[in-house]
J.: 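A single structure is presented below for examination.
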Amino acid sequence: MVRVRFAPSPTGVLHVGGARTALFNWLFARNNKGTFILRIEDTDEVRSTDESVGQILESLAWLGLDWDEGPYFQMQRKEIYQKHLAQLEAQGKAYRCYCPPEELETMRRLALLEKRPPRYDGRCRSLTDTQRQEREAKGSPEGQSCAKSQGQKHVLRFAMPQEGETRISDLIRGQVCFENLLQQDLVIQKTSGIPTYNFACVIDDHLMGITHVIRGEEHLSNTPSQIQIYKALGWEPPQFAHLSMILGPDSAKLSKRHGAASVMDYKNQGYLPQTLRNYLALLGWATPTSQDLFEPEELIAKFNLDYCQKNPAVFDFNKLSWMNGIYIRKLSKSELFQAVKPYLPPKSDYDESKLEEMVGLEQEKYKTLADAGRLLDFFFDENYPYQWPDMEGLLAKSPNMKTAGDCLKLAQTLETKFNASDNFSSQAVEKTLRETTQEYKWKTSEVFHSLRFAISGRLQGPSLFHMAESLGKARVIQRLKRFHPDPGTSPDGSPALLGGAPSTTGFKGNSPRLNPYFLSPGHG
RNA sequence: GGCCCCAUCGUCUAGCGGCCUAGGACGCUGCCCUCUCAAGGCAGAGAUCACGGGUUCGAAUCCCGUUGGGGCCA
């Protein structure tokens with residue numbers, strides 16, 4: 001029976017590297033009909049926070065990675081570690097070290113200076129009983145954690161075997177060999193009495209019956225020490241699988257610097273959980289056919305540790321965006337609307353069904369949900385500007401429409417026609433437009449683009465007829481009245497060349513990063 | 001500094017001794033579709049498989065070394 005765990009330290013947000021580890025564990029468990037356990041490794045009493053625990057749980061839930069057991073908290077299991085710590089000490093497999101932190105620091109510096117590996121020399125290992133009593137009496141070390149109430153006068157170090165080697169049969173990397181003599185006697189219990197990460201991890205993995213430890217490559221170097229602890233306790237180590245790292249575009253470890261590093265960053269920027277899950281699965285894992293897109297069940301069915309990649313993977317924001325577009329297009333209109341809603345202006349004159357219709361018009365263009373701003377802003381802003389260079393561009397491409405005045409005339413014609421008709425469905429709008437094209441003997445594009453420009457201030461947008469229908473007759477006519485393609489014809493006489501009055505809604509599309517709606521969904 | 005890991009198009013990767021004149025995907029370029037932008041379809045550019053030695057009839061694939069990147073000790 002497969003039992004795996006994800007064991008984050010609650011010292012910050014859940015990063016994509018951690019999320020990928022969680023995902024692979026989860027996939028492995030589900031694929032093998034095994035158990036996925038969540039364990040919070042909060043033994044770093046200084047840096048661990050409840051807030052971080054909350055964020056990690058929230059991130060996992062958002063990604064849809066549900067756990068079968070836990071969360072367990074290591075700080076609630078201190079007695080358990082205590083027992084095994086005492087056992088090792090009694091058996092002489094661990095010893096008290098009284099070296100003060102400053103002394104260790106000096107030793108390390110000296111070692112580096114002499115170009116030796118900066119490892120603890122094991123000087124406390126061979127202390128006699130009398131020497132030990134002396135140290136106890138003196139009361140060192142004086143580390144910060146020692147100052148705490150239950151501080152002890154020593155740390156406990158694990159006595160690594162001095163000869164032989166430790167072999168790891170890694171499921172991804174194969175045989176990896178470490179010489180025992182080169183491993184240092186690592187601290188397994190701090191002066192505070194709390195076990196260190198490496199120790200608590202071993203105890204829990206054993207006691208929780210973990211069969212496969214799937215974790216990041218950064219833990220590979222810790223593994224020989226951990227294996228020796230298993231042996232000292234008379235336990236069989238689990239199987240190990242060390243996943244390659246995830247890097248940023250500059251080949252450095254992925255971090256905040258690269259734009260988004262935490263799972264919640266991606267959520268807030270408008271990525272779908274199914275996108276991130278699918279994309280993360282592709283970092284360091286691939287099927288023999290290099291398949292890119294997976295249905296959730298398919299991913300579980302096909303997941304296999306044998307397909308894991310050994311070399312590190314660079315996180316490709318481009319591909320993530322492409323994939324997000326794919327998943328956004330797969331949403332139903334109402335799902336899309338619900339997802340995009342937090343990115344829409346908090347208030348507008350449109351009712352829900354109208355909004356849903358508008359959101360759906362641009363479904364194939366979203367890369368992220370936050371694109372709603374860029375894509376739909378003109379629906380909400382009656383004071384959108386007209387840019388003269390756009391008008392010029394329009395004229396340049398129009399053999400029949402010679403001047404801005406011609407454009408205005410067309411707008412007036414359309415205004416009259418729309419006014420005269422009761423039907424303002426997209427079909428009716430199209431009919432009117434095509435008729436007008438005939439009458440004017442212009443190219444369809446000349447007429448269509450002119451109307452688009454007049455009623456939205458843009459040359460790009462959704463299907464013109466549907467866009468008009470969504471805006472509604474009254475609004476379209478109002479916008480046509482407002483249309484002023486050049487300064488001479490501006491209805492209020494103000495210079496219209498470089499755009500109209502400032503936006504009243506604050507919902508402007510060209511610089512989404514500056515707009516609060518795009519930064520935080522759920523605003524307002 | 002020591003130990004450990006890694007090395008195929010810009011990126012994610014397929015490949016596990018002959019099917020490879022190296023396949024797919026993102027991105028890029030062009031064409032088609034089209035009321036614009038997208039989406040979609042088609043085509044194209046892009047990798048002397050890090051380098052140097054071996055082993056073999058034959059190597060991207062196995063071995064050794066070098067270089068480069070990363071991790072741990074921190």
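In what follows, chains are A, B, ... by sequence order, proteins preceding strands, each numbered from 1.
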J.: Please give the distance between the C1' atoms of B:A59 and B:G15 as a whole number of Å.
T.: 12 Å
J.: Once rounded to the nearest 0.5 Å, what's the spacing between atom CG of A:Leu220 and atom NE2 of A:His242?
T.: 5.0 Å
J.: Taking the P atom in each of B:G18 and B:G30, what is the distance between them to the nearest angstrom?
T.: 40 Å
J.: What is the distance from CD of A:Gln291 to P of B:C26, rounded to the nearest Å?
T.: 14 Å
J.: Rounding to a whole Å, what distance do you find between A:Arg215:CZ and B:C4:P?
T.: 18 Å
J.: Between A:Gln184 and B:A74, is there a side-chain N or O to OP1/OP2 distance below 4.0 Å?
T.: yes
J.: How many Å lie between CE on A:Met323 and P on B:G24, as a whole number?
T.: 18 Å
J.: Provide a list of protein-nucleic acid N or O atom pairs under 3.5 angstrom, restricted to nucleotides 6-14 of chain B.
T.:
| residue | atom | partner | partner atom | Å |
| --- | --- | --- | --- | --- |
| B:U8 | OP2 | A:Asn311 | ND2 | 3.3 |
| B:C12 | OP1 | A:Val314 | N | 3.0 |
| B:C12 | O2' | A:Leu282 | O | 3.0 |
| B:U13 | OP1 | A:Gly284 | N | 2.5 |
| B:U13 | O2' | A:Ser290 | OG | 3.3 |
| B:A14 | OP1 | A:Gln309 | OE1 | 3.4 |
| B:A14 | OP2 | A:Gln309 | OE1 | 2.8 |
| B:A14 | O4' | A:Ser290 | OG | 3.0 |
| B:A14 | O2' | A:Pro288 | O | 2.7 |

J.: Measuring from atom OG1 of A:Thr275 to atom CD1 of A:Ile326, what distance do you get when rounded to the nearest 0.5 angstrom?
T.: 9.5 Å
J.: Between A:Arg329 and A:Ser463, name the one whose nearest nucleotide on RNA chain B is closer to the 5' end.
T.: A:Ser463
J.: So which nucleotide from B:C4, B:G2, B:C35 ends up closest to the side chain of A:Arg452?
T.: B:C35
J.: Quote, to the nearest angstrom, the P distance that separates B:C57 from B:A14.
T.: 30 Å
J.: Sub-3.5 Å donor-acceptor pair from the side chain of A:Asn25 to the main-chain atoms of A:Ala22, do we have one?
T.: no
J.: Give a yes or no on whether the ring-centroid distance for A:His212 and A:Phe24 is below 6.0 angstrom.
T.: no
J.: Between residues 426-448 of chain A and RNA chain B, which residues have a heavy-atom gap below 4.0 Å?
T.: A:Arg434, A:Phe448
J.: Stepwise, does the side-chain contact (heavy atoms from CB on, under 4.5 Å) test hold for A:Asp205 with A:Arg5?
T.: CA-CA 8 Å; A:Asp205 282 342; A:Arg5 86 306 197 270; 2.8 Å; yes
J.: Output the distance between atom CG (A:Leu186) and atom CE (A:Met160), rounded to the nearest 0.5 Å.
T.: 7.5 Å
J.: If B:G46 has a Watson-Crick or G-U wobble mate with both distances under 3.5 Å, name it; if not, just say none.
T.: none
J.: Determine the Euclidean distance between corresponding C1' atoms of B:U56 and B:U67; express it in Å to zero decimal places.
T.: 26 Å
J.: With a non-hydrogen cut-off below 4.0 angstrom, is A:Lys397 in contact with a base, only sugar-phosphate, or nothing?
T.: nothing
J.: List for me each residue that meets side-chain contact (heavy atoms from CB on, under 4.5 Å) alongside A:Gln274, sequence neighbours excluded, and say none if there are none.
T.: A:Leu272, A:Arg277, A:Tyr327, A:Leu331
J.: Show which side-chain atoms of residues 6-19 of chain A pair as donor or acceptor with protein atoms under 3.5 Å away, not counting sequence neighbours.
T.:
| residue | atom | partner | partner atom | Å |
| --- | --- | --- | --- | --- |
| A:Ser9 | OG | A:Glu41 | O | 3.4 |

J.: Counting only Watson-Crick or G-U wobble pairs whose two distances fall under 3.5 Å, which nucleotide matches B:U34?
T.: none
J.: How many whole angstroms separate atom CZ of A:Phe317 from atom P of B:C26?
T.: 19 Å
J.: Can a donor-acceptor pair be found, under 3.5 Å and without considering hydrogens, that links the side chain of A:Asn31 to the backbone of A:Ala301?
T.: yes
J.: Taking the nucleotide of RNA chain B with the closest heavy atom to each, which residue, A:Gly461 or A:Met245, is nearer the 5' end?
T.: A:Gly461
J.: Check for a donor-acceptor pair, side chain of A:Ser398 on one end and backbone N or O of A:Asn400 on the other, with a separation under 3.5 Å.
T.: no
J.: Specify the separation, in whole Å, of atom CG of A:Leu464 and atom C1' of B:U36.
T.: 9 Å
J.: Sticking with atom P, work out how far B:C63 lies from B:U55, rounded to a whole angstrom.
T.: 15 Å
J.: With under 30° as parallel and over 60° as perpendicular, where do the rings of A:Tyr98 and A:His154 fit, or are they tilted in between?
T.: perpendicular
J.: Between A:Phe178 (CZ) and B:C73 (P), how many Å, whole number?
T.: 12 Å
J.: Could you please spell out the steps behind the salt bridge (charged side-chain N to carboxylate O under 4.0 Å, His left out) verdict for A:Asp292 and A:Lys319?
T.: CA-CA 10 Å; A:Asp292 290 293; A:Lys319 190 159 182 172; 3.0 Å; yes
J.: Return the value, rounded to whole Å, for the distance between atom CG of A:Leu394 and atom P of B:C35.
T.: 16 Å
J.: All N/O contacts under 3.5 Å from nucleotides 62-67 of chain B to the protein, with atom names and distances to one decimal?
T.:
none

J.: Can you see which heavy atom on A:Arg479 is nearest to which on A:Tyr386, and at what distance?
T.: O-OH, 3.7 Å
J.: Which residues pass the ring pair (Phe, Tyr, Trp, His ring centres under 6.0 Å) test with A:Phe317, sequence neighbours left out?
T.: A:Phe315
J.: Please state the C1' separation for the pair B:C51 and B:G68 - nearest whole angstrom.
T.: 10 Å
J.: Within the 4.0 Å heavy-atom criterion, would you say A:Pro462 contacts the bases, only the backbone, or no part of the nucleic acid?
T.: base
J.: Between B:C33 and B:A39, how many Å separate the two C1' atoms, rounded to a whole number?
T.: 11 Å
J.: Identify the nucleotide, in any strand shown, that forms a Watson-Crick or G-U wobble pair with B:C73, with both distances under 3.5 Å; if there is none, say none.
T.: B:G1
J.: Determine the interatomic distance between C1' on B:A50 and the same-named atom on B:A60; round to the nearest Å.
T.: 12 Å
J.: Starting at atom CG of A:Asn222, determine the distance to atom P of B:G71, rounded to an integer number of angstrom.
T.: 14 Å
J.: Any strand is fair game: report the nucleotide pairing with B:G10 by Watson-Crick or G-U wobble, both distances under 3.5 Å, or none.
T.: B:C26
